[in-house]
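Reminder, nothing fancy here: chain letters follow the sequence lines and each chain counts from 1. Any value given below was found using the heavy atoms of this structure, including those in side chains, with hydrogens, waters and symmetry copies removed.
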Amino acid sequence: MPELPDLQAFSHNLNKKLAGKTVKQIAVINAKKLNVSHKELQDKLAGQKLDEVYREGKELYLKFSKGDILGLHLMLHGKLFLFKDKHENKYPIIELYFNDDTGLVLTDFQGIATPTLNPEDKDAPDALSKDAGVDYLTARLQKTKTNIKTVLLDQKIIRGIGNAYADEILWHARISPFSASNKIPADKVKQLVKSIHSVLKEAEKQIIKANPDIISGEIRDFMNIHNAKKTKSPTGAEIQVKDGSRKTYYTEEQELYS
DNA sequence: AATTGTGTTCGAGT
DNA sequence: CACTCGAACACAAT
């Protein structure tokens, strides 16, 4: 599934391809959790120009000329396709048609990818925002004793990190995923903030390098730790796997604070 | 051809 | 009551 760096790449590419186009029509085919009626979405967005596409947490935001925003959450398997005139992709959720006869379709075989009209502003900072800095995380990590991986995955605390990148980030920071969040020393929290930023930005670079025009799917061959094809970390430690409702990959190089 | 993977919600258990 | 954990969603890729 796409995580933050993938979505970041998608948003750049979609912005390049779609910004400036005007919405002609919208078809809602299977959006169980859309927060407004099909008619309201159509009435609001038809005729508006798409100003910008960008990423917010794990969602893509399409911002229109009158200020309306269409949020797209891809969930586990959502995929985007651009098309001319019509498309033949299976499992469509929603289709946007533009006035030059091109279109954008969101599909999901699980039917759980979710469009949202004018999503509420979230309190939690985006993982790449400067608001998710040392001060914020230090204070926030003190408030809970759950393990640090769970905290990184909690979208109410910091938005955008998923299962795979949580493992990559924690290895990069050399913090065990099972560490109690309130036991991580100050200098390690500093390192964690640096690791969040550098792991996510580096991944985005790798993804764009591998596929400059990517707007869906995922590329993860380059991942160092959360990678079933690898047995050792770049520094030679055996990669361990803990099976849970999601898998956690880690090595003994990561210090456990408890 | 059986296994694996992925975010979020929700209900049950501690 | 607060928290933690697993199941479900339903298929593609291998």
Side-chain angles (χ1 to χ4, degrees), chain A residues 1-11 29-35 55-61 71-81 87-94 105-116 119-120 122-124 126-128 140-170 177-183 196 199-200 203 207 210-211 214-231 239-250 258:
Chain A
M1 62 72 49
E3 290 203 24
L4 186 150
D6 306 283
L7 293 169
Q8 190 81 11
F10 302 169
S11 75
I29 297 125
N30 180 27
K32 301 177 187 112
K33 295 171 65 185
L34 176 62
N35 60 338
R55 181 196 60 78
E56 266 287 325
K58 292 182 186 176
E59 285 178 281
L60 295 172
Y61 277 15
L72 300 177
H73 197 311
L74 273 44
M75 296 295 281
L76 296 176
H77 303 282
K79 286 186 181 172
L80 294 163
F81 300 95
H87 75 89
E88 304 203 341
N89 298 292
K90 289 191 280 186
Y91 317 110
I93 302 285
I94 187 173
V105 56
L106 168 63
T107 70
D108 181 2
F109 64 74
Q110 256 181 315
I112 57 178
T114 306
T116 307
E120 289 176 34
K122 314 291 195 301
D123 290 334
D126 188 88
L128 290 179
R140 203 59 192 73
L141 294 191
Q142 285 307 313
K143 289 189 190 170
T144 166
K145 58 183 166 63
T146 46
N147 69 62
I148 185 62
K149 180 170 179 182
T150 304
V151 176
L152 290 183
L153 292 176
D154 188 341
Q155 304 301 302
K156 294 194 175 76
I157 296 175
I158 180 167
R159 286 183 301 131
I161 299 172
N163 190 50
Y165 283 99
D167 288 349
E168 294 293 302
I169 289 165
L170 288 168
F178 312 111
S179 294
S181 74
N182 60 350
K183 297 289 172 63
I196 289 172
V199 168
L200 295 176
I207 289 163
N211 184 353
I214 192 164
I215 59 162
S216 70
E218 64 185 17
I219 295 169
R220 342 173 51 146
D221 319 336
F222 61 87
M223 296 185 90
N224 288 318
I225 305 299
H226 192 100
N227 189 333
K229 295 201 178 77
K230 293 186 181 168
T231 58
I239 295 173
Q240 323 260 344
V241 185
K242 183 176 190 323
D243 216 338
S245 76
R246 292 288 177 269
K247 277 184 177 173
T248 293
Y249 293 74
Y250 64 101
S258 59

Between C1' on B:dT6 and CG on A:D6, what's the gap in Å once rounded to a whole number? 12 Å
With rounding to whole Å, what would you report as the distance between B:dT8 and C:dA12 at their P atoms? 22 Å
Those residues at least two apart in sequence (or on a different chain) that pass salt bridge (Lys or Arg N to Asp or Glu O under 4.0 Å) with A:E120 are none
If a pair satisfies salt bridge (Lys or Arg N to Asp or Glu O under 4.0 Å) and one of its residues is in residues 145-155 of chain A, list it, with sequence neighbours excluded. A:K149-A:D167
Parallel, tilted or perpendicular, as decided by the 30° and 60° cut-offs, for the rings of A:F222 and A:Y165: tilted
Take the protein atom CZ of A:F178 and the nucleotide atom P of C:dC5, then report the distance between them rounded to whole Å. 11 Å
So that I can compare with my own list, what are the stems of DNA chain C, taken as at least three consecutive Watson-Crick or G-U pairs with distances under 3.5 Å? B:2-5 with C:11-14, B:7-14 with C:2-9
Just call it for A:E218: base, sugar-phosphate, or nothing, with non-hydrogen atoms closer than 4.0 Å on any strand. nothing
With sequence neighbours left out, what residues match A:D6 under salt bridge (Lys or Arg N to Asp or Glu O under 4.0 Å)? none
Not counting sequence neighbours, which residues clear side-chain contact (heavy atoms from CB on, under 4.5 Å) with A:A180? List them please. A:N182, A:K183
Please report, to 0.1 Å, the donor-acceptor pairs under 3.5 Å made by any side chain of residues 155-162 of chain A, with sequence neighbours excluded.
{"from": "A:Q155", "atom 1": "OE1", "to": "A:G160", "atom 2": "N", "distance (Å)": "2.9"}
{"from": "A:Q155", "atom 1": "NE2", "to": "A:L153", "atom 2": "O", "distance (Å)": "3.0"}
{"from": "A:Q155", "atom 1": "NE2", "to": "A:I161", "atom 2": "O", "distance (Å)": "3.2"}
{"from": "A:R159", "atom 1": "NE", "to": "A:A124", "atom 2": "O", "distance (Å)": "2.8"}
{"from": "A:R159", "atom 1": "NH1", "to": "A:E56", "atom 2": "OE1", "distance (Å)": "3.1"}
{"from": "A:R159", "atom 1": "NH2", "to": "A:E56", "atom 2": "OE1", "distance (Å)": "2.9"}
{"from": "A:R159", "atom 1": "NH2", "to": "A:A124", "atom 2": "O", "distance (Å)": "3.3"}

Can you label the angle between the A:F178 ring and the A:Y250 ring as parallel, tilted or perpendicular, going by 30° and 60°? perpendicular
Could you give the NZ-to-P distance, from A:K247 to B:dT3, as a whole number of Å? 12 Å
On the nucleotide B:dT8, are OP1 or OP2 found under 4.0 Å from the side-chain N or O atoms that A:K58 carries? yes
Using the P atom as the reference point in each nucleotide, state the distance between C:dT14 and B:dT6 in Å, no decimals. 13 Å
Which residues pass the salt bridge (Lys or Arg N to Asp or Glu O under 4.0 Å) test with A:R140, sequence neighbours left out? none
State which of B:dT6, B:dT8, B:dT4 makes the closest approach to the side chain of A:M75. B:dT8
When the distance from NZ of A:K242 to C1' of C:dC5 is rounded to whole Å, what number comes out? 11 Å
Could you tell me the separation between the CG atom of A:D167 and the C1' atom of B:dG5, rounded to a whole number of Å? 13 Å
State, yes or no, whether a side-chain contact exists between A:H226 and A:R220 at a heavy-atom distance under 4.5 Å. yes
A:K229 near the nucleic acid: base, sugar-phosphate alone, or nothing, with a heavy-atom cut-off under 4.0 Å? nothing
For nucleotides 9-14 of chain C, just jot down a letter per nucleotide in 5' to 3' order: B, S or -, based on protein non-hydrogen atoms under 4.0 Å. BBBSS-
Can you tell me how far P in B:dA1 sits from the matching atom in C:dA10, rounded to whole Å? 24 Å
List for me each residue that meets side chain to side chain donor-acceptor pair (under 3.5 Å) alongside A:T116, sequence neighbours excluded, and say none if there are none. none
Atom CD of A:E168 to atom P of B:dT6: distance rounded to whole Å? 11 Å
Can you tell me the distance, in whole Å, between the CG atom of A:D243 and the P atom of C:dC5? 14 Å
Look at A:Y165 and B:dT6 and indicate whether a side-chain polar atom (N or O) is within less than 4.0 Å of OP1 or OP2. no
Starting at CD1 of A:I219 and ending at P of B:dT6, how long is that distance when rounded to a whole Å? 15 Å
Is the phosphate of B:dG5 approached by A:R220 (side-chain N or O, under 4.0 Å from OP1 or OP2)? no
